[in-house]
Structure formats: structure tokens, C-alpha cells
Amino acid sequence: MSAAELKAETRDIVIDEVFPHTAETIWKALTSAQLIGRWLMPPTGFEAVEGNAFTFQTTPGGNWDGVIHCRVLEVVAFRRLVYAWKGGDARNTGYGAPLDTVVTWSLTPVEAGTRIRLVHAGFVLPRNDSAYTIMSGGWKKVVRQLDEISGEE
């Protein structure tokens with residue numbers, strides 16, 4: 001292990017909110033490809049089925065084509081959705097550096113509606129500093145949009 005790897009640390013993005021919607025309503029927004037395209041970005045090949053591979057396309061940078069490769073790791077209807085989120089290119093530093101993370105959505109019914117907890121785990125610092133910073137703010141906006149989409153029901 002190199003000195004840089006020994007110094008590396010991992011960091012997670014965690015967002016915990018309560019929405020005034022049922023878990024079933026939020027689940028629909030989390031698992032419908034058409035709705036995901038409205039609050040996050042349009043997925044290609046998404047199905048809420050364990051083992052299913054799908055992609056997102058974001059802004060390319062450097063040697064990275066902007067494709068985010070995902071695989072559904074766990075599906076517990078109305079409670080939990082987990083998928084791998086990988087992208088980047090080994091030749092990039094900063095934006096588009098290699099990223100190998102996991103996104104977990106957890107839904108818990110509460111008196112006021114549903115507690116939604118998003119954990120995007122596994123950012124390796126300093127390599128993923130840029131992604132961590134950009135996505136920390138980005139996920140906050142995405143979760144607000146998820147709330148708005150869920151409220152349209």
C-alpha cells in the first residue's frame with residue numbers, strides 16, 4: 001500500500017429528511033425510470049430488480065465520457081433501494097476521477113409521512129474530493145426535487 005493510500009480516507013454523503021408523503025408514493029418516484037429522469041437524470045436500462053445494470057449520462061470531463069455505471073444491489077419494496085454508482089477515468093484528477101461508490105435509499109414511515117435517508121457512501125479522499133464536493137450540494141437539490149415529484153401524486 002502506498003503512502004497516499006494510507007493517508008486516504010473515505011467519506012459519505014448523508015441526507016436525512018421527512019417528507020409528507022407515503023413510503024409507497026416516494027418508492028414510486030425512486031423506482032420509475034420516467035420519474036427518476038425528472039428528479040435526478042434519465043437512466044438507461046433502469047429496473048428495480050437486484051442485479052440489474054443501468055447507466056446515467058452526465059457531463060463528460062477529461063478522459064471520462066460522463067457515463068455513470070450502476071447496478072442494483074438490493075431492493076426491499078417501499079423500504080430500501082441500493083445501487084452501485086461507478087464512473088470516472090484513471091487518467092483524470094479532480095472532476096471525472098475514478099469513483100466506486102454505493103447509493104442507499106431508506107424509507108421509514110413516521111407520523112408526519114416518511115423519513116427518507118440517502119447515503120452515498122465510499123468517496124475516497126483526496127482522489128474523490130471534487131466529486132464529493134459537487135455531489136454533496138447536488139444530492140441536496142435532488143432530494144428536494146424528489147419531494148416535489150412525490151408531492152404531485
Side-chain angles (χ1 to χ4, degrees), residues 1-19 21 23 26-27 29-76 78-108 110 114-150:
M1 190 174 268
S2 73
E5 289 171 321
L6 287 172
K7 288 183 185 175
E9 63 174 292
T10 60
R11 191 162 291 162
D12 302 342
I13 297 169
V14 179
I15 299 173
D16 200 329
E17 300 278 347
V18 173
F19 291 164
H21 317 296
I26 296 169
W27 183 258
L30 284 176
T31 59
S32 159
Q34 181 181 355
L35 293 177
I36 293 168
R38 292 176 55 198
W39 59 265
L40 180 55
M41 57 188 135
T44 300
F46 176 81
E47 286 184 63
V49 175
E50 288 180 20
N52 182 68
F54 64 100
T55 60
F56 290 112
Q57 176 68 54
T58 191
T59 308
N63 292 299
W64 180 43
D65 59 7
V67 176
I68 302 163
H69 298 274
C70 302
R71 178 173 304 278
V72 178
L73 303 175
E74 183 181 354
V75 178
V76 180
F78 314 116
R79 293 288 181 262
R80 191 169 153 90
L81 176 65
V82 182
Y83 45 88
W85 178 289
K86 300 178 183 186
D89 187 287
R91 296 167 289 180
N92 281 15
T93 56
Y95 183 80
L99 187 67
D100 187 352
T101 57
V102 174
V103 175
T104 301
W105 296 94
S106 301
L107 305 179
T108 307
V110 294
T114 302
R115 176 175 299 282
I116 183 167
R117 182 173 167 87
L118 162 71
V119 179
H120 191 162
F123 291 86
V124 177
L125 305 183
R127 180 181 78 196
N128 297 142
D129 276 338
S130 176
Y132 179 80
T133 300
I134 292 167
M135 295 175 85
S136 290
W139 277 121
K140 288 176 187 156
K141 291 177 189 160
V142 162
V143 169
R144 278 197 298 271
Q145 290 172 313
L146 174 61
D147 182 23
E148 291 169 16
I149 297 295
S150 297

Who passes side-chain contact (heavy atoms from CB on, under 4.5 Å) against Val102, sequence neighbours left out?
-> Leu73, Val82, Thr104
State, yes or no, whether a side-chain contact exists between Ile26 and Phe19 at a heavy-atom distance under 4.5 Å.
-> yes
For the pair Asn128 (side chain) and Pro98 (backbone), establish whether a donor and an acceptor sit closer than 3.5 Å, ignoring hydrogens and angles.
-> yes
For His120, the ring pair (Phe, Tyr, Trp, His ring centres under 6.0 Å) test, sequence neighbours excluded, returns Trp85, Phe123, Trp139
By ring pair (Phe, Tyr, Trp, His ring centres under 6.0 Å) - contacts of Trp64 (at least two apart) | Tyr95
Between Glu50 and Val75, is there a donor-acceptor pair closer than 3.5 Å when you use the side chain of the first and the backbone of the second?
-> yes
Show your working on side chain to side chain contact (heavy atoms under 4.5 Å, CB included) between Asp147 and Glu17 and close with a plain yes or no.
-> CA-CA 10 Å; Asp147 182 23; Glu17 300 278 347; over 6 Å; no
Just do the side chain to side chain contact (heavy atoms under 4.5 Å, CB included) check on Leu81 and Val72 with the steps written out, would you?
-> CA-CA 8 Å; Leu81 176 65; Val72 178; 4.3 Å; yes
Taking every non-hydrogen atom, the tightest pair across Pro43 and Ala33 = CD-O, 3.5 Å
Minimum heavy-atom distance Asp89-Asn63, with the two atoms named | OD2-O, 3.3 Å
So, does Asp12 use its side chain to make a donor-acceptor pair with the main chain of Val119 at under 3.5 Å?
-> no
Which heavy atom in Arg127 sits nearest to a heavy atom in Ala97, and how many Å separate them?
-> O-CB, 3.6 Å
Report yes if some heavy atom in the side chain of Arg117 is under 4.5 Å from a heavy atom in the side chain of Val14; otherwise report no.
-> yes
Are Val18 and Thr114 close enough that some pair of their side-chain heavy atoms sits under 4.5 Å apart?
-> no
Is the backbone of Gly45 close enough, under 3.5 Å, to the side chain of Asn52 for a donor and an acceptor to pair up by distance?
-> yes
Does the Trp39 side chain pair with the main chain of Ala29, one donor and one acceptor, at a distance under 3.5 Å?
-> yes
Lys86 side chain reached by Ile68 side chain, heavy atoms, under 4.5 Å = no
Minimum-distance pair of heavy atoms, taken over all atoms of Asp65 and Pro60 = O-CG, 3.4 Å
After noting the C-alpha distance and the side-chain angles of Glu74 and Arg80, does the key distance pass the salt bridge (charged side-chain N to carboxylate O under 4.0 Å, His left out) rule?
-> CA-CA 7 Å; Glu74 183 181 354; Arg80 191 169 153 90; 3.0 Å; yes
Quick one: pull up OG in Ser32 and CZ in Arg38 and give me the separation to the nearest 0.5 Å.
-> 9.0 Å
Nearest 0.5 Å, what's the NZ-CG distance between Lys141 and Leu40?
-> 13.5 Å
Arg79 side chain vs Leu107 backbone, donor-acceptor pair below 3.5 Å | no
Within the side chain of Asp16, is there an N or O that forms a donor-acceptor pair under 3.5 Å with the backbone of Leu118?
-> no
When rounded to the nearest 0.5 angstrom, what is the spacing between OG in Ser136 and CZ in Arg11?
-> 8.5 Å
Step by step, work out the side chain to side chain contact (heavy atoms under 4.5 Å, CB included) result for Met135 and Ile13.
-> CA-CA 8 Å; Met135 295 175 85; Ile13 297 169; 3.8 Å; yes
Gap between atom CG of Leu35 and atom CG of Leu146 - 0.5 Å precision | 9.5 Å
Ring centroid separation for Tyr83 and Phe54, is it under 6.0 angstrom?
-> yes
Would you please test Phe56 and Val67 for side chain to side chain contact (heavy atoms under 4.5 Å, CB included) and show each step?
-> CA-CA 6 Å; Phe56 290 112; Val67 176; over 6 Å; no
For the residue pair Ser130 and Gly94, what are the closest heavy atoms and their distance?
-> CB-C, 3.6 Å
Sub-4.5 Å side-chain heavy-atom contact between Leu125 and Thr10 | no
Non-hydrogen atoms of Thr55 and His69 that approach each other most closely = CG2-ND1, 3.9 Å
Side-chain (Glu148) to main-chain (Val143) donor-acceptor, under 3.5 angstrom = no
